[in-house]
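Convention: sequence-line order gives letters A, B, ...; per-chain numbering from 1. Side chains included, hydrogens not; waters and symmetry mates left out as well; all remaining heavy atoms used.
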Amino acid sequence: MTVYSVKQLLLEQIAVGSQVCVRGWVRTRRDSKAGLSFVSVSDGSCADTIQAVVESKLENYETEVLKLTKDCAVIITGKLVASVGGSQKVEILTDKVEVTGFVENPDTYPVSPKRHTVEYLREHAHLRVRTNLISSVARVRNSVSMVIHEYLQQNGFYWIHTPLITASDAEGAGELFKVTTLDLNNPPRNNKGHVNYKDDFFGREAFLTVSGQLNVETYCMGLSKVYTFGPTFRAENSNTTRHLAEFWMVEPEIAFADLMDDAALAQGMLKHVFKHVLNNNSDDMNFFAQFIDKTVVTRLESMVNDNFEMITYTDAIKRLENSGKKFENPLFWGVDMASEHERFLCEELIGKPTIVTNYPKDIKAFYMRQNDDGKTVAAMDILAPGVGEIIGGSQREERYDLLVKRMQEMNVPTDHLDWYLDLRRYGSAPHAGFGLGLERAVSYITGVQNVRDIIPFPRTPNNAAY
RNA sequence: GCCUCAAUAGCUCAGACGGUUAGAGCGACGGACUGUUAAUCCGCAGGUCGUAGGUUCGAUUCCUACUUGAGGCGCCA
């Protein structure tokens, strides 16, 4: 007996009349006193279920089939037939139903066949993938991840596995989680009474990485086109719909490239991702359009066909000032735009993803390339309507003297970053890159507004239960 | 970290100016009906009203603290 996925069966590539087997979890059961039950089974291979028609003559009909409730695990064997009624094209005329696991106490089973709030599902994170919403998110997240790899690989990029543990604590991207094997109740101390990290595992203070960028720049200066794709950690007490303590980030880095090359790569990659999801996850996207946000599909379609808006920081400030809109936060050249500014700019004034370039140097990181005006750096942020910043990138400062000077101005200690400076001493080349927040991108694509519902097991302040 | 809001049945919510037996929808369960598919109809069960104090003759309702959750802001991806 050949086992098929629900997706294979529904694609109509299996001949009607074939004996088939499908394994999955019951979504709904409907009984007919005409002597049969309809059992819809999902196996996660697609958004749809396959309907098994179970006749009362089966020996375990009374004892088991009539007791099936949502998420009982079953193995169904039978004949694939054209559907007599209803919306589906094919169904299984069942010969055998094997129940591998019933659901204890269906009344209190957390995932009942009704609509649940995302907040409630989040508190049952180990079971929430059995809902239409979270399983569709999981499939889209997978698609996005794989197509990012595909796009970069096809364009000659190498995937570089940068370390998750780092000693560089000065990347300027936020608070770090400390990694230690010391006994926190009784740490070794030096003669000043401070904790002596020389006795720690790495012989120095170590942290979980906040970005693979600095490391991947080294491989960029030899492999030309590289990227990181992995988890990243920020120990910030951030409580928003778009922050996680552990999240996934894609960070391409390209050599002999400037900010415009960087922006073009980012845009090309995002558009490719959007197109792929529209083509390959149409069922999932239709589900989001129906239950989450009516505009998700049309929004992505227009994104694929239309270029992003590009605007300099200076022009963005001017447009915001001239808009006549009153803002809570101060607005003048030199401020780090508040989210209300970014939102108004890309949602109201422009109405599509917006690439803002050339920010004032004082609000950006030390490694960004200084522009000739002496005031700005070659940075870019890509703002998505509804989500905000999904990409942050820049051309890197490749000139040794200017980089050292900038680090001194910004009080960035150089002692753990000699290796980074070496890149500017030995065959330095202009280069640029960006970081794409995977959860934010998937949030934008699906319309699911909280990144805690995009990652299977979200880590946020006070939450690592699963 | 700051600000705001919320917590009542398995879930989503309503409610009481403080006063006998706290309601609905969905889900679960039982039944009727039906090639059904968010089925429909009827019925039944299910609640220490988040926790701890306080005010009061009386608190689920008012007050305080705490806990948990959510949203906004900041940090950023």
Side-chain angles (χ1 to χ4, degrees), chain A residues 27-41 48-55 66-67 69-70 81 83-88 91 93 103-124 131-132 171-175 210-213 228 231-251 266 290-291 328-329 336-343 363-365 381-384 387-393 434-444 449-452 454-455 460-463 465:
Chain A
R27 274 287 156 77
T28 59
R29 186 196 90 233
R30 298 172 295 279
D31 305 317
S32 165
K33 279 297 183 299
L36 63 164
S37 289
F38 303 96
V39 179
S40 292
V41 177
D48 275 330
T49 54
I50 184 94
Q51 174 164 283
V53 180
V54 185
E55 294 172 313
L66 285 182
K67 289 177 181 155
T69 57
K70 181 168 189 306
V81 296
S83 187
V84 175
S87 50
Q88 66 281 347
E91 60 191 15
L93 187 55
V103 166
E104 292 180 15
N105 197 357
D107 187 30
T108 54
Y109 173 58
V111 191
S112 52
K114 70 181 289 291
R115 288 177 74 170
H116 291 291
T117 60
V118 287
E119 292 82 14
Y120 172 76
L121 291 173
R122 224 173 273 155
E123 294 179 1
H124 302 276
T131 62
N132 291 327
E171 292 166 26
E175 301 290 316
V210 294
S211 162
Q213 179 202 319
T228 72
T232 306
F233 307 88
R234 308 256 168 111
E236 266 150 17
N237 194 4
S238 296
N239 295 287
T240 77
T241 56
R242 53 194 186 283
H243 286 87
L244 294 164
E246 176 182 291
F247 64 99
W248 284 61
M249 188 153 65
V250 183
E251 297 173 285
Q290 194 182 343
F291 290 103
E328 299 282 317
N329 296 285
D336 201 355
M337 278 190 269
S339 20
E340 60 166 340
H341 302 134
E342 295 182 341
R343 278 205 129 124
I363 58 172
K364 288 293 182 182
D381 284 355
I382 300 187
L383 312 176
V387 181
E389 184 180 345
I390 59 172
I391 278 183
F434 63 83
L436 167 70
L438 184 69
E439 288 77 16
R440 288 185 184 180
V442 176
S443 169
Y444 179 65
Q449 290 190 332
N450 197 321
V451 291
R452 294 168 210 174
I454 301 295
I455 194 165
T460 52
N462 284 316
N463 182 13

Do A:Glu123 side-chain and B:U68 base share a donor-acceptor contact under 3.5 Å?
-> no
For B:U64, what is the paired nucleotide under Watson-Crick or G-U wobble rules, both distances under 3.5 Å?
-> B:A52
Are OP1 or OP2 of B:U36 and a side-chain N or O of A:Arg27 less than 4.0 angstrom apart?
-> no
Heavy atoms under 4.0 Å, any strand shown: does A:Asp336 hit a base, just sugar-phosphate, or nothing?
-> sugar-phosphate
Residues A:Arg30 and A:Thr28: side-chain donor-acceptor under 3.5 angstrom = yes
From B:U36, B:C76, B:C75, pick the nucleotide closest to the side chain of A:Gln51?
-> B:U36
For the side chain of A:Met249, starting at C-beta, report the closest nucleotide among B:G35, B:C73, B:A77.
-> B:A77
Measure from NZ on A:Lys114 to C1' on B:G10 and round the result to the nearest Å.
-> 9 Å
Which base sits across from B:A24 as a Watson-Crick or G-U pair, both distances under 3.5 Å?
-> B:U12
What distance, rounded to whole Å, do you find between the two P atoms, one in B:U48 and one in B:U40?
-> 30 Å
Would you call A:Glu236 and A:Val210 a side-chain contact if the rule is heavy atoms closer than 4.5 Å?
-> no
Side-chain contact check for A:Ser112: nearest option of B:G27, B:A28, B:C75 is B:G27
Would you mind pulling out the nucleotide paired to B:G46, Watson-Crick or G-U wobble, both distances under 3.5 Å?
-> none
Pairwise C1' distance for B:U60 and B:U4, with rounding to whole Å | 24 Å
Can you check whether A:Ser238 has a side-chain N or O nearer than 4.0 Å to OP1 or OP2 of B:C76?
-> no
Go ahead and name the base partner of B:U40; Watson-Crick or wobble counts if both distances stay under 3.5 Å, otherwise write none.
-> B:A32
Assigned partner base of B:G69, Watson-Crick or wobble definition, under 3.5 Å = B:C5
For A:Thr117 and B:U12, is the shortest distance between a side-chain N/O and OP1 or OP2 below 4.0 Å?
-> yes
Is there a side-chain contact between A:Lys70 and A:Val103, using heavy atoms and a 4.5 Å cut-off?
-> no
Of all the choices, B:U12, B:G35, B:A39, which nucleotide is nearest to the side chain of A:Val53 once you look at every atom?
-> B:G35
With no angle test and no hydrogens, is the base of B:G71 tied to the side chain of A:Glu119 by a donor-acceptor pair under 3.5 Å?
-> no
Going through the checks in order, is the side chain to side chain contact (heavy atoms under 4.5 Å, CB included) test met by A:Glu439 and A:Trp248?
-> CA-CA 7 Å; A:Glu439 288 77 16; A:Trp248 284 61; 3.7 Å; yes
Side-chain contact test, heavy atoms from C-beta onward, threshold under 4.5 Å: evaluate it for A:Leu121 versus A:Thr131 and give yes or no.
-> yes
Is there ring stacking between A:Phe247 and B:A77, where the centres must be under 5.5 angstrom apart and the planes under 30 degrees?
-> yes
Is any N or O donor-acceptor pair between the side chain of A:His243 and the base of B:C76 shorter than 3.5 Å?
-> yes
Out of B:U36, B:C11, B:G74, which nucleotide sits closest to the side chain of A:Gln88?
-> B:U36
Does A:Arg452 have a side-chain nitrogen or oxygen under 4.0 Å from the phosphate oxygens OP1 or OP2 of B:A70?
-> yes
